[in-house]
Novice: 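Here you go, one structure.
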Amino acid sequence: MSTPLPLPDLPEPAHPEVESMLSRKFGKEIANYFSGSPLNRVSFLRPDHTFLSAALNHPSATFLLFKNLEPLIESPTALGYVKYEDVKPILGDDPFATSEEDLVKEYNSHKYFPLVIFLGLDERKEGFVYKEHYKGQPYFAVDVTPKESVTEAAEKLVKELEGRGLTFSKGRMNLSMPAQEAAIYAEARHLLDWNLRNPFCATCGHATLSINGGFKRSCPPSDIAKTLLSQDPSRPPCATRTGISNISFPRTDPTVIMAVVSSDGQKLLLGRQKRWPPYWYSTLAGFLEPAESVEEAVRREVWEESGIHLGRVVIHSTQPWPYPANLMIGAIGQAVPGGEEVHLGHDAELEDAKWFSLDEVREALRVGTSGLGEGPGPEYKEGGLRVPPKTAIANQLMSAVVNGFVGGSANL
Ligand SMILES: [Zn+2]
């Protein structure tokens, strides 16, 4: 077990100081780790290659690099950023010099374009201005994995960066970054992962092209590489090219995660998987299925995994989770009287699920929190309940329950 790093603070919700009708009625908004990005994504500017090109070429433009989806870091608590001149040998003079329309028209499947994602503008920092209104330091993410035509240039860059004391973070989860950095990383990782998983069209099976600052993929109607074999560069018809849906969009998979409260409000249901450390329990969770409301998914998952029947379900807060593409929808659900007997037989996912008193959970939140591969805090006594750290939404849900539903769930 590794020694845990100090946990970062969670992001601030938007306008926390503003007293509003909504916060009086429903409590303060809770922002979870991986949300709270300081970047304005200006999504409507992504099709504008003049904007992307100007942002990329601005001296303040900042690049977050990934190799095999591992982010460049300075230390476990700081991402490593580089300038355009560092990645120029990989990206070339200007990957946004051509309009999207022409890129699709001139598509050549034999030509490798390293992925470059436009993440947004950091409005806290002055410098770049576009059409008067859109200001801030531009952020991009670039895939510098040595492959295809950039193998040599990428290998050279990786060596050079390592010479500067930067490394590509090997850990699967990066939960030690300050919250705002974590949110930038989450956006970049999610988009790169989606692009890398979708090199081919889901409808016709032909290669696709990343457009829109990395937020869409297009199935071009022709491919210049085909002219090596015949006169005609056109590809077979593809249903994705008709109507307005001639593109594919990044996917986000909704997941429900829920604190389950007993009908008398005095106990909390937690479960554990076999591979988790001893005494480590968490809230139940599962995927939202097609044509299911969030409330129904919560009730179904809880019944399938624990046999408990839930009544009222309220949504507490949500958390982006870029491993690889989840949105965790955090909820609190209350068992119906008589529906509280634990039965693990339906779905063999959990090794155990049981009711804990709120005092026991409160104590675990104080002394027994840790990531899965880490040891608990110094005050923890062997045999006591252990739970996830505050960077996990599960911790926020448990905290809300033991604190009398403060934090968005006052009307449970
Ligand atoms: Zn297609």
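In each ligand, atom 1 is the first atom listed, and ligand 1 is the first ligand listed. Both backbone and side-chain heavy atoms feed into the values below; hydrogens, waters and symmetry mates do not.
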Novice: Check the angle between the aromatic planes of Tyr139 and Tyr81 and answer parallel, tilted or perpendicular using the 30° and 60° thresholds.
Specialist: perpendicular

Novice: More than 12 heavy atoms of other residues, nucleotides or ligands under 6.0 Å from NZ of Lys147: is that the case?
Specialist: yes

Novice: For a quick check under 3.5 Å, do Ser20 and Ser23 share a side-chain donor-acceptor pair by atom type?
Specialist: yes

Novice: Ignoring hydrogens and geometry beyond distance, is a side-chain donor-acceptor pair present between Gln396 and Ser399 at under 3.5 Å?
Specialist: no

Novice: From the Zn ion (ligand 1), how many protein N/O/S atoms are found at a distance short of 2.8 Å?
Specialist: 4

Novice: Is a side-chain N or O of Glu295 found less than 3.5 angstrom from the main chain of Val314, in a donor-acceptor match?
Specialist: no

Novice: Return yes if a side-chain donor-acceptor contact under 3.5 Å exists between Glu100 and Asn212, otherwise no.
Specialist: yes

